[in-house]
Amino acid sequence: MAEFTSGFFMGDKATNGRILVVDDEADIRKVVRMTLQKAGYDVLEAENGEKAIETINAGENRLLLDVVICDIRMPKINGVEAIAYFRSNYPRVPLIVLTGFPDTDMATSMLRQGVVDYLVKPVEGEKLRESVARAMDQRELAHL
Amino acid sequence: MRDLTDSAVVSTLAPTKVAILGAGRGGTALLDLLYRIPSIEIIGIADRDSQAPGLQRARDLKIPVTEQAEELIANHGVNLIMDVTGDPQMERVIHLHRRPGADVLSGTASRVLWELVRHEANLQAELFHAEKLAGIGHFAAGIAHDINNPLQLILGLAENLVDETDIKTVHEQAMEIVEAVKRTSAISRDLTQYARKTSARDDVVVWLNGILDEALKIARYAASFHDITVVKQYEAGVDVKGNPDELLHVFVNLITNAVHAMDQGGGTLTMTTRAGGGATSVSIADTGCGMPPEVLSRIFEPFFTTKGPGKGTGLGLYNVKTIVNKMIGKIAVDSRVDEGTTITITLPSSEEAPP
Ligand SMILES: Nc1ncnc2c1ncn2[C@@H]1O[C@H](COP(=O)(O)OP(=O)(O)OP(=O)(O)O)[C@@H](O)[C@H]1O
Ligand SMILES: [Mg+2]
């Protein structure tokens, strides 16, 4: 019933939003996916900044991607570089940092660059979903 | 290749020939200290007790030993007689037998010298430990990453289990949690072992390949290995006699430096062990930034670092050199800017090594 309703109102996009999770650890991508799918989000994965940039530039993602959740410490293009790329090329897509390293300098610099949240692992599902919901609101505002 | 440990202080003057009387703790420390100074030649060491530790050590270093102090005192070549026997009679014996032209250091003077040597040894031990603790700072990012990632997995799975009804999934995820907990606890075990003070086990047979693997594991917390390919070229069964904790520390430092040198764009870390001809060698090679001559000439100085504040203490290679010297080993550094660095440590293999 719920599925039918959201499909009815949202056309093809029968989800609450499309989220890209960027983390070099498959385990992390898996639990974040689990957590967000429960809240009705559609989840894409990328294992590093390079793949993330490829993904966001691929076909409909360019338009349909709602939020990016990104780690900092990653191979290839790291989180800092990837976030800078997203901010300048896709300023409308809200970003959430999800990192293993509590670093106040990094957090400050990230928040200054406009990321919605700087979350330190381990973060509870509830908190992550709240953060994503907030990011979604920002996206709606940006569209108005 | 430049052999920095040797070429740094080569002197062209004729060496000072020293005779050491007394091969107890004082004599042994003196022997170790003087042995490393190229401008000093130890022509012999004497002790009434043929089992005195300094005599054993001298035999390993191929330095003549005798139980007859008189013989050594009367030796023609000797320029300086150092008396650390603590025996009040010895002064008379020296007086009777020494050649004119041979200087004597005895009594209070030699005691003060012995104090200085001991002080220097303590200082080194303290610097060594200080660097290890400072090094833990490097580890913070790596540890946080390696602990918080599995914690995220554990938390995520546990939250899911709260309302998971499929028994097969429950079982699988519970097992995943168990594995993640094990991984996490291994981290603190590795690191606490590394951080503890160095043990006094100085003469254990150490299998270098095992120590290198352990060092690699620990270095992973100190430096980011992203985009780094690790190549091991181990010869089987390569061993040395030494202190395993100190050797571990040597390799953690070398590997960490190598990986730091490749933090722009990655590269290859090659760890090689070789044995043969009574010697054992380990090289750690990187394809990193390399060093210009003005850096290369200073890397063994204490507190010399090109890394930013909070990033390097500059004690890493100083401690490496101290440990390698103690083991009567050699360090060779081959470095080219933008191409990489190879550091090779050559140690006497276990049968040849000092006891
Ligand atoms: N493999 C290497 N490639 C390039 N430079 C190196 C390498 N190893 C050492 N160096 C240079 O030598 C300096 C001294 O190294 P050392 O290990 O003594 O101190 P450090 O690494 O700066 O600090 P730490 O006390 O944390 O080890 C380094 O700062 C670096 O400039
Ligand atoms: Mg170092």
Side-chain angles (χ1 to χ4, degrees), chain A residues 19 21-39 41 43 45 47-52 69-82 96-107 118-132, chain B residues 137-166 169-170 172-184 187 220-230 259 262-269 308-311:
Chain A
I19 321 273
V21 181
V22 192
D23 199 301
D24 59 325
E25 284 206 28
D27 281 342
I28 299 298
R29 299 197 303 267
K30 181 176 84 178
V31 287
V32 171
R33 169 193 283 279
M34 264 168 38
T35 305
L36 295 180
Q37 277 177 342
K38 274 189 193 161
Y41 294 103
V43 180
E45 299 181 18
E47 66 199 52
N48 57 48
E50 195 179 295
K51 289 267 163 60
I69 300 177
C70 193
D71 190 8
I72 299 281
R73 195 176 146 119
M74 287 182 303
K76 303 276 161 97
I77 295 170
N78 68 32
V80 178
E81 293 159 338
I96 296 169
V97 174
L98 177 62
T99 172
F101 192 36
D103 178 338
T104 45
D105 292 344
M106 179 68 84
Y118 185 93
L119 301 176
V120 177
K121 298 169 192 167
V123 55
E124 286 158 52
E126 201 41 53
K127 212 168 151 208
L128 184 62
R129 286 190 288 263
E130 264 169 39
S131 181
V132 169
Chain B
H138 282 299
F139 289 105
I143 298 169
H145 180 268
D146 281 42
I147 290 183
N148 290 338
N149 268 338
L151 282 181
Q152 181 72 66
L153 176 68
I154 293 165
L155 182 62
L157 292 171
E159 281 179 344
N160 186 61
L161 285 179
V162 171
D163 41 34
E164 179 62 62
T165 49
D166 177 38
T169 307
V170 169
E172 274 170 19
Q173 295 190 344
M175 291 304 291
E176 269 186 77
I177 290 178
V178 171
E179 289 307 314
V181 169
K182 280 191 197 154
R183 277 204 306 278
T184 319
I187 298 162
R220 285 184 191 277
Y221 301 114
S224 161
F225 275 65
H226 286 323
D227 301 325
I228 291 191
T229 312
V230 178
V259 174
M262 299 188 282
D263 66 358
Q264 300 298 319
T268 305
L269 170 76
K311 293 237 167 100

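Letters A, B, ... mirror the listed sequences (proteins, then strands); counts begin at 1.
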### Message
Taking side chain as everything from C-beta outward and backbone as N, CA, C, O, which of these in B:Leu155 sits under 4.5 Å from a heavy atom of chain A? Side chain, backbone, both or neither.
### Response
side chain

### Residues in residues 172-183 of chain B that sit under 4.5 Å from chain A, counting heavy atoms only
B:Gln173, B:Glu176, B:Arg183

### Message
Quick check for you: among A:Glu25, A:Lys121, A:Glu124, which has the greatest number of heavy-atom pairs under 4.5 Å with chain B?
### Response
A:Lys121

### Message
Quick check on the interface: out of B:Leu151, B:Ile154, B:Ile228, who has the most heavy-atom pairs with chain A under 4.5 Å?
### Response
B:Leu151

### Message
Need one label for A:Asp24: side chain, backbone, both or neither, based on atoms under 4.5 Å from any heavy atom in chain B.
### Response
side chain

### Query
How many angstroms lie between atom NZ of A:Lys30 and atom CG of B:Asn160, to the nearest 0.5 angstrom?
9.5 Å

### Message
Does any backbone or side-chain atom of A:Leu128 lie under 4.5 Å from a heavy atom of chain B? Answer side chain, backbone, both or neither.
### Response
neither

### Query
Taking all non-hydrogen atoms of both residues, which atom of A:Pro102 and which atom of B:Ala144 are closest, and how far apart?
CD-CB, 4.1 Å

### Query
Above 12 or not: heavy atoms from other molecules or residues under 6.0 Å from NZ of A:Lys127?
no

### Query
Rounded to the nearest 0.5 Å, how far apart are CG of A:Asn78 and CG of B:Asp227?
9.5 Å

#### Entry: Side chains of A:Leu98 and B:Gln152 in contact at under 4.5 Å (non-hydrogen atoms)
yes

### Message
Using every non-hydrogen atom in the two residues, find where B:Leu153 and A:Val31 come nearest and quote the distance to one decimal.
### Response
CD1-CG1, 3.6 Å

### Task
Name all residues meeting the salt bridge (charged side-chain N to carboxylate O under 4.0 Å, His left out) criterion together with B:Glu159; count only those two or more places apart in sequence or in a different chain, and write none if there are none.
none

